[in-house]
Amino acid sequence: MADQLLFNPRTYDPAHFDPETRRLLRATVDWFEDRGKRRLIEDYRSRAWLADFLAFAAKEGLFATFLTPASAADGHQDKRWDTARIAALNEIFGFYGLDYWYAWQVTILGLGPVWQSDNETARARAAELLSRGEVFAFGLSEKAHGADIYSTDMLLEPDGDGGFRATGSKYYIGNGNAAGLVSVFGRRTDVEGPDGYVFFAADSRHPAYHLVKNVVDSSKYVSEFRLEDYPVAAEDVLHTGRAAFDAALNTVNVGKFNLCTASIGICEHAMYEAVTHAQNRILYGRPVTAFPHVRRELTDAYVRLVGMKLFSDRAVDYFRSAGPDDRRYLLFNPMTKMKVTTEGEKVIDLMWDVIAAKGFEKDTYFAQAATEIRGLPKLEGTVHVNLALILKFMGNHLLNPAEYAPVPTRRDAADDAFLFRQGPARGLGAIRFHDWRAAYDAFGHLPNVARLREQADALCEFVTTAAPDEEQSRDLDLLLAVGQLFALVVHGQLILEQAGLTSLDEDVLDELFAVLVRDYSAHAVELHGKDSATADQQRWALSAVRRPVIDTDRSARVWQRVEALAGAYEMAP
C-alpha cells in the first residue's frame with residue numbers, strides 16, 4: 001500500500017482540486033513518466049535546454065492556466081493564481097528535476113512585477129505571451145551587487161519623448177536566453193534616491209538586448225545579459241519610485257515560497273531510491289536496513305520529510321488567507337524558504353550516509369538530487385538573510401499574541417489576488433500572530449511535543465530575561481543562533497496545526513518531535529559556545545537542553561512505514 005504522506009506517481013490523484021487542475025497535474029506527471037528515467041538523466045547530464053518540456057507546457061496551456069491571475073484571464077474560468085495548485089506543481093517538478101522547476105520559478109518571478117502593475121498594456125501583453133507558451137525572466141540581480149537593489153547600475157536615461165534608453169547588465173537571470181518578457185529593475189539618471197527606481201519590461205529578442213552567457217554549467221539557463229541603449233517606451237514601464245522597490249521585494253515574497261515544495265519533491269524521489277537500495281543490498285548476510293544506525297537515519301529522514309510537507313501545506317493556508325490586516329504569511333514565507341529547504345539538505349544527507357557510493361552512480365536520480373538540494377537554501381536570499389528576517393517577528397510571535405479567526409485548509413479554486421497588492425514592504429515588527437501555544441497544547445499528550453513545548457517556553461524566558469543587549473544586537477553570528485531556536489518553535493507550530501487538520505498518525509508526529517527536540521538542544525549548545533554569549537546566556541542555553549523521550553515500540557512502528565517504501569516506486573526506464 002502506498003504511503004499516503006508522500007507523492008507517488010503510481011497512485012497520484014489530486015482529487016481535492018477542480019477537474020482542469022487535476023488534468024494538468026496528472027498530464028505533467030504522465031509526460032515525465034512517459035519520457036522515462038534514462039532520458040531524464042541524460043538531459044540533465046548533457047545540459048540540454050528544456051525545449052521539449054516547454055513545448056509540452058505550451059501545448060497543455062500549463063503555465064498560462066496556473067500563472068494568469070483572474071484579473072488578466074479575460075473570463076477564462078480555469079485561469080487563476082492559486083498558491084495551492086502552484087505548490088502541487090512545484091513538488092512534481094522537484095520530483096523529476098530542478099531544471100524544469102527553475103524555468104517555471106523564474107517565470108513566476110518575471111510575472112510578479114507585471115501582475116502588480118497598473119499598466120494594462122503590459123498586463124495584456126504578458127497574458128498573451130503566457131497563452132503562447134512563452135517563459136519570463138526577473139532582471140534584478142547584478143554581478144557587482146547581487147540582489148542589493150539600492151546599488152543597481154542599470155541606468156535609464158530620459159529620451160525626451162516620455163520614455164528612456166536603458167544601459168546596464170544583469171546577472172543570475174534565469175530564462176534570460178528565451179524570455180518573451182524580462183522584468184528589469186533599474187534607476188533613472190535624472191532622479192536621485194528612491195524616487196528614481198524603475199521596473200520595466202524588456203524583450204530578450206530585441207537587438208539592443210545582448211545575451212552574454214549562461215553563468216552555470218546546467219540546463220538551467222542562468223544568464224548574464226546586457227542592455228545597450230535599449231528603448232523603454234512609456235507602455236513598457238511597470239513601476240516607478242518606491243513602488244518599484246516594493247514590487248521587487250513583494251515579488252520575491254511570492255517566489256521564495258516555491259522553494260519549499262520543490263525541495264520536498266526532490267527528497268521524495270530520492271527517498272524511494274534510497275530505501276529500495278538499502279533494503280535490497282546485503283552486507284554480512286543481512287539487508288543494510290537490518291542495522292540499527294541505518295534504521296535510525298532513514299527514520300529520521302522520513303519524519304523530517306513529513307515535517308517539511310506538513311509545514312509547507314499549512315503555510316499555503318496562511319498565504320492564501322492573507323490580507324492587509326493579516327500578514328502572518330510574512331513570517332511563514334521565509335520559514336518555508338529557510339527552514340524547509342535546509343531540512344531537505346538534512347534528509348538527503350541522512351539517506352546518503354546509508355546508500356554511500358550508490359549516491360554517486362550516474363544511473364540514479366539520487367546523484368542529481370544530492371547536487372540540486374544544495375541550491376534551494378541559497379536562492380531568493382541566503383539562509384542567513386531569511387533567518388535575520390525571521391528574527392524581526394520573534395518578540396510579537398512569542399510574547400504578544402492577538403486574536404484571529406481560525407484559518408481553514410485552503411484548497412478552494414480561488415484567485416490569490418492579494419499577493420499582487422501586498423502594499424509597502426515594511427512594518428514587519430508590528431505584525432501580530434495568534435497564540436502559538438494552542439497548537440502545542442492540542443498535542444500535549446505526546447511526550448516529545450510536550451518536551452519541545454518546554455524548550456519553547458524557555459525561549460520566551462530568554463527573550464524576557466537574557467535577550468541580547470544593544471551591543472550584542474550587532475553580532476549577527478549570535479543572533480542567528482537565537483533565530484534557529486525561534487525557527488524551531490514556529491516550525492513545530494505549523495506542523496502541529498496541519499497534523500490536527502489531517503489526523504496524522506501520532507507515532508509519526510511524536511517521532512518527528514523527538515528529532516526536533518534534539519535539534520533544539522544542538523542549537524542551544526551552539527548558542528552557549530558563541531564568542532559574545534554572556535554568562536547568563538550560557539547558563540540559559542545549557543538549561544534549555546533536553547533529551548527526547550525514547551520509545552522503541554513507537555520507533556519500530558514508524559520504521560515499518562519507512563521499510564514499506566522499498567519498491568513502492570521506481571521511475572519507468
Side-chain angles (χ1 to χ4, degrees), residues 7-9 12 14 21 23-67 85-111 130 133-138 173-180 214 216-223 255-270 272-273 341 344 364-376 379-380 569 571-572:
F7 169 73
N8 186 334
Y12 182 60
T21 299
R23 186 192 73 79
L24 285 168
L25 292 173
R26 188 65 241 184
T28 303
V29 171
D30 291 342
W31 184 84
F32 283 111
E33 290 293 321
D34 291 344
R35 199 167 184 79
K37 185 176 182 180
R38 188 176 299 110
R39 179 70 182 276
L40 196 78
I41 293 172
E42 183 55 36
D43 284 352
Y44 174 77
R45 187 179 300 121
S46 65
R47 294 103 171 159
W49 174 239
L50 311 173
D52 290 350
F53 165 68
L54 295 177
F56 155 76
K59 174 178 174 291
E60 297 291 345
L62 181 62
F63 287 18
T65 302
F66 277 42
L67 301 183
R85 66 180 187 176
I86 287 172
L89 194 54
N90 288 329
E91 185 176 3
I92 292 169
F93 287 154
F95 191 91
Y96 290 107
L98 205 62
D99 290 345
Y100 306 98
W101 171 85
Y102 186 74
W104 148 268
Q105 163 71 355
V106 291
T107 291
I108 287 172
L109 292 170
L111 285 165
L130 272 174
E134 297 275 6
V135 293
F136 291 67
F138 186 53
I173 311 303
N175 292 350
N177 60 319
N214 186 357
V216 300
D217 188 17
S218 168
S219 295
K220 305 175 192 71
Y221 205 103
V222 187
S223 70
K256 75 168 60 174
F257 188 80
N258 300 313
L259 278 67
C260 63
T261 35
S263 181
I264 289 165
I266 292 172
C267 291
E268 287 170 321
H269 197 158
Y272 287 120
E273 277 196 346
T341 60
T364 64
Y365 172 84
F366 197 99
Q368 74 183 66
T371 298
E372 293 185 331
I373 200 70
R374 309 296 170 200
L376 290 165
L379 297 175
E380 324 313 347
Y569 168 78
M571 190 172 181

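Only this structure's heavy atoms are used, side chains among them; waters, hydrogens and symmetry mates stay out. Everything numeric here is computed off the predicted structure, so don't read it as measured data.
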Practice problem: Please determine which of Phe56, Phe95, Tyr100 meets the ring pair (Phe, Tyr, Trp, His ring centres under 6.0 Å) test together with Phe32. | Solution: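 Result: among Phe56, Phe95, Tyr100, Tyr100 is the only option passing the ring pair (Phe, Tyr, Trp, His ring centres under 6.0 Å) with Phe32.
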
Quiz item: Pick one: which of Tyr102, Phe53, Phe7, Trp31 meets ring pair (Phe, Tyr, Trp, His ring centres under 6.0 Å) with Phe93?
Solution: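 Checked Tyr102, Phe53, Phe7, Trp31 against Phe93; only one passes ring pair (Phe, Tyr, Trp, His ring centres under 6.0 Å): Phe53.
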
Would you check if [X] and [Y] make a side-chain contact, meaning some heavy-atom pair closer than 4.5 Å?
| X | Y | answer |
| --- | --- | --- |
| Leu50 | Asp43 | no |
| Asp52 | Arg35 | yes |
| Leu111 | Leu130 | yes |
| Leu259 | Gln105 | yes |
| Arg23 | Thr65 | no |

Practice problem: Please determine if Glu273 and Lys37 form a salt bridge, counting it only when a charged side-chain N lies under 4.0 Å from a carboxylate O. | Solution: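 Yes, charged N to carboxylate O under 4.0 Å.
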
Quiz item: Would you call Arg47 and Asp99 a salt bridge, using N to O less than 4.0 angstrom?
Solution: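 Salt bridge between Arg47 and Asp99, a charged N being under 4.0 Å from a carboxylate O: no.
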
Exercise. Please step through side chain to side chain contact (heavy atoms under 4.5 Å, CB included) for the pair Ile92 and Trp101, ending with a clear verdict.
Key: CA-CA 8 Å; Ile92 292 169; Trp101 171 85; over 6 Å; no

Would the distance check show the side chain of [X] and the main-chain N or O of [Y] forming a donor-acceptor pair, the cut-off being under 3.5 Å?
| X | Y | result |
| --- | --- | --- |
| Glu91 | Gly265 | no |
| Ser219 | Trp49 | no |
| Asn214 | Lys220 | yes |
| Asn175 | Ala103 | yes |
| Asn258 | Gly255 | yes |
| Ser223 | Ile173 | yes |

What is the distance from atom [atom1] of [X] to atom [atom2] of [Y], rounded to the nearest 0.5 Å?
| X | Y | atom1 | atom2 | value |
| --- | --- | --- | --- | --- |
| Arg26 | Thr21 | CZ | OG1 | 15.0 Å |
| Leu62 | Leu89 | CG | CG | 5.0 Å |
| Ile108 | Leu67 | CD1 | CG | 5.0 Å |

Exercise. Go through the side-chain N and O atoms of Asn90 and Trp104 and say whether any donor and acceptor fall under 3.5 Å apart.
Key: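 Their side chains do contain a donor-acceptor pair, which is all the 3.5 Å distance test asks for.
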
Quiz item: In this structure, which one of Arg45, Arg39, Arg38 forms a side chain to side chain donor-acceptor pair (under 3.5 Å) with Glu42?
Solution: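 Only one option passes, and that is Arg45.
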
